[in-house]
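FYI, the numbering just counts along the sequence from 1.
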Amino acid sequence: MSSKSASYDVVVIGGGLAGLSAAIAAAREGAVTALLQDRPVLGGNSSSEIRVTPHGAGRFHAYARETGILTELAGTDRANNHEQFHNNGWTNSVWDMTLYDLAVRTDNLTVYLNTTVQQVHKHGERQITAVTGHILGAETDLRIEGKVFIDCTGDGTIAALAGNEWRMGSEGRDEYGELHAPERASSDTMGSSIHFRARDTGRTAPFHAPSWAASYDDPAFFYGHNRKPYDIRAGYWWFELGTPWDTIHDAETIRHELTRHVLGVWDWIKNKDPLTRDKAANYALDWIGQVPGKRESRRIIGRYLMTEHDVQQEVAFPDEVAFGGWYLDLHIPGGLLAPTSELPGAGEIISPYGIPLRILIAKDIDNLMMAGRNVSVTHAALGTVRVMSTTAIMGQAAGTTAAIALQQGIAIPDIPTTAIAKVQQTLLRRGCFLPNVTNADPLDLARSAEVTASSEDFLTTVEPGPDADSLDIRRSQWVPVCGLLEQVDMWIANSTDQPQTFSVELHRTEHIWDYSVNGSHNGATDKRDTVSATSVLAFAQLTVPDAYTGWVQWQVQLDKRAEEAFPQDGYVRLDVFGAEELSWHRAASVHQGLPSASELESGRLRSHEDGRTMSLRVAPPQAVFGPERTTSGASRPHRTTNLWRSEPGKSLPQSLELRWSNPQQIGTVELTFPGHLLQDLNRYPAFFREPDSPRDYSIEAWDGKRWRVVLGITDNYQRHVSHRLSEPVLAERIRVVVHATNGSTEASIYEIRCYEI
């Protein structure tokens, strides 16, 4: 055996999306970083070895997609990959190479693939000094020393070897009073999965299951217990086995058993199921995964243990560094061996919530952090934080924290109380989003500038398209406002031969993920107090003539208290409901910053089809897309639109300008454009580029007589860009000129920042 040793500032063990994001973030913040991965590819469960599509808050909430390094990767992949990742089993090696390319191009980062860590070395009880392991296939032993270590192994291997406390299994309901915890504590965990991919061969493709494959003959097993073969080409999440096996130590047994069951299910689909066998006649198995994707194993105890209550109550943690928004997705222990694969929490939508830094800091080891599904949460809370888009932004937070701690000479456990603002502001600058934190960076020169534009859009009319939704349930549309509304109109269709009546309500709303329907008047027409103890600002019943399709006008009547409560800059929510014979037409296209929702259950809404906009007309026009919104402190729609958009109908180029009272030295300009906010990765098609994102643009400085181009960009498709100018410029005015987009006729920018260096 040969041997090799090296020393780094930050050592990240585990190369899934959490570990990759942590390593890149630490390196970009100046820390010399090593990334150790025990597989030949990066990406963990998302890689082509396992092929689970990354999910997160964007699956259920418009404009809640996780950004930062993850979106940089996703934007690159979608713009260049020929394959759409429809679901589990579809990921290809282009995704692997996208991850690997960014890793090897990152300064300060060294990647060790096929490297398994076997030992942890410590100084005293609370300090790791090094990890040692083996590079597979290279007959090389490896020793890596470091100052900060980040456990992204999923299994919490480094923490366990170091002696940090950890848990595995389910807490009992009596420990924290969690509704989704079992009555009694147990060792049960969610299981692991492997996936398959089938291809249409264009001719009959027979399949004969091997003798050792599992056998399936009962349709009720599939169609009566949430195991429907929903797409014969690939799948399925319910290929799952765990209990009674240990998901760590029995991983090979689980892999073999899963292979048996996958082959048995394919035999059912191909040869037995009357609902699928004809459709599957020409399909052949093209790939079967042989690396199980784990949902749960060890959870490392940190400086705070996050519970189900923290998630459901949307606690505003002072050390917020990430956010989640997936539901409490707790699979029934046993998977395919359980009586059913029903998901108990599937109908419970959770609004995006903040994640504290303390769950990423180990309790018993002072220079150990963690990110991924092994963070400090209960089993119940793990159901929501474990999905990969969420773990990726936790990874970026961990890597950023590690680098800042080393830069400032602060112990990792002290960061949440002494330097959390630095961490939060750095994450925001790097393109991340925090629900309860906005840009307050004192170095950002754009915050002190006057912002103007060549033109701006006003909210007046959102034209209807051909599709419509019945008003048999509550339909809601968020309406951005900067003053009182006097009239709101909707494009409604009545196909009956009788006039029909429906109800409308205008609600106060904190942000676009405020789904509560408290104090609804349900069509009442009395003169009750419309503001106190309720979110309703105004309400009415409107009548649609028989056989009518067109605008239905609502003259909004606001009493004095409603006027006082009406937001001067924010959102109100228009709720329309109460007549199954009527339908409300959707807008012809999705409009940025105007999401809608539909009723999921009584008193609870759910984002409607990835932020679909409904037809709408308001008076007076609302100036909600002005240039000043690019320095609002947020870089996506949330409490306001936070978006500048040029006037529709005015041709490009269009420009956004910053002006200062005194000349400023500008060395770096950072921009956030529209892109990859409305959907999970698997919903974006091959070769996708966000139509609203600027493609060709220039940064220009005013020299007192004319505009001088200091940087020109072509063929952009990224959401967040940072441009270090070749030479700093001294100017009182700079502007960004959008010459062309990736499809839209308007120019759009969410945020602009400027820095001296």
Identified side-chain contact (heavy atoms from CB on, under 4.5 Å) partner of [X] from the options [options]:
X      : options                        : value
Ile359 : Leu357, Ile361, Ile355         : Ile355
Arg373 : Lys294, Met388, Arg295, Met190 : Lys294
Gln592 : Thr641, Thr613, Leu643         : Leu643

Derivation of the salt bridge (charged side-chain N to carboxylate O under 4.0 Å, His left out) call for Glu49 and Arg39
CA-CA 9 Å; Glu49 285 192 317; Arg39 303 300 308 166; 2.8 Å; yes
Please step through salt bridge (charged side-chain N to carboxylate O under 4.0 Å, His left out) for the pair Arg629 and Glu751, ending with a clear verdict.
CA-CA 8 Å; Arg629 297 185 182 275; Glu751 184 177 61; over 6 Å; no
Lys/Arg N to Asp/Glu carboxylate O, [X] vs [Y], below 4.0 Å:
X      : Y      : answer
Arg636 : Glu66  : no
Arg429 : Asp444 : no
Arg430 : Glu29  : yes
Arg303 : Glu165 : no

Between [X] and [Y], is any side-chain donor less than 3.5 angstrom from a side-chain acceptor?
X      : Y      : result
Ser748 : Asp692 : no
Thr76  : Gln718 : yes
Tyr684 : Asp77  : no
Ser722 : Arg753 : no
Asp155 : Thr157 : no
Asp96  : Thr98  : no
Ser341 : Arg227 : yes
Glu320 : Asn436 : yes
His180 : Glu308 : yes
Thr53  : His55  : yes

Give me the atom names and distance for the closest heavy-atom approach of Val10 to Ala402.
CG2-CB, 4.0 Å
How far apart are the C-alpha atoms of Glu296 and His379, what are their side-chain angles, what is the distance that settles it, and do they pass the side chain to side chain donor-acceptor pair (under 3.5 Å) test?
CA-CA 9 Å; Glu296 183 178 11; His379 167 79; 2.7 Å; yes
Using atom types as modelled and distance alone, determine if a side-chain donor or acceptor of [X] lies under 3.5 Å from a backbone N or O of [Y].
X      : Y      : value
Thr153 : Gly156 : yes
Asp680 : Asn682 : no
Asn88  : Gly235 : no
Gln424 : Val437 : no
Thr384 : Trp326 : yes

Side chain to side chain donor-acceptor pair (under 3.5 Å) for Asp231 and Asn87? Distances and angles first, verdict last.
CA-CA 9 Å; Asp231 186 340; Asn87 213 312; over 6 Å; no
Verify whether the ring centers belonging to Phe60 and Tyr327 lie closer than 6.0 Å.
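Centroid distance Phe60-Tyr327: below 6.0 Å, so yes.
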Cation-aromatic face contact Arg78/Phe85, 6.0 Å, 45 degrees:
yes
Parallel, tilted or perpendicular: ring planes of Phe433 versus Trp513, cut at 30 and 60 degrees:
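Taking Trp513 first and then Phe433, their aromatic rings stand perpendicular (interplane angle over 60°).
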Quick one: sort the His61 and Tyr515 rings into parallel, tilted or perpendicular, breaks at 30° and 60°.
parallel
Residue pair His331, Glu240: steps toward the side chain to side chain donor-acceptor pair (under 3.5 Å) verdict
CA-CA 9 Å; His331 293 210; Glu240 178 180 1; 2.7 Å; yes
Going through the distances and angles, do Trp95 and Ser46 end up as a side chain to side chain donor-acceptor pair (under 3.5 Å)?
CA-CA 9 Å; Trp95 172 250; Ser46 78; 3.0 Å; yes
Given Trp238, Trp237, Tyr236, the one that forms ring pair (Phe, Tyr, Trp, His ring centres under 6.0 Å) with Tyr230:
Tyr236
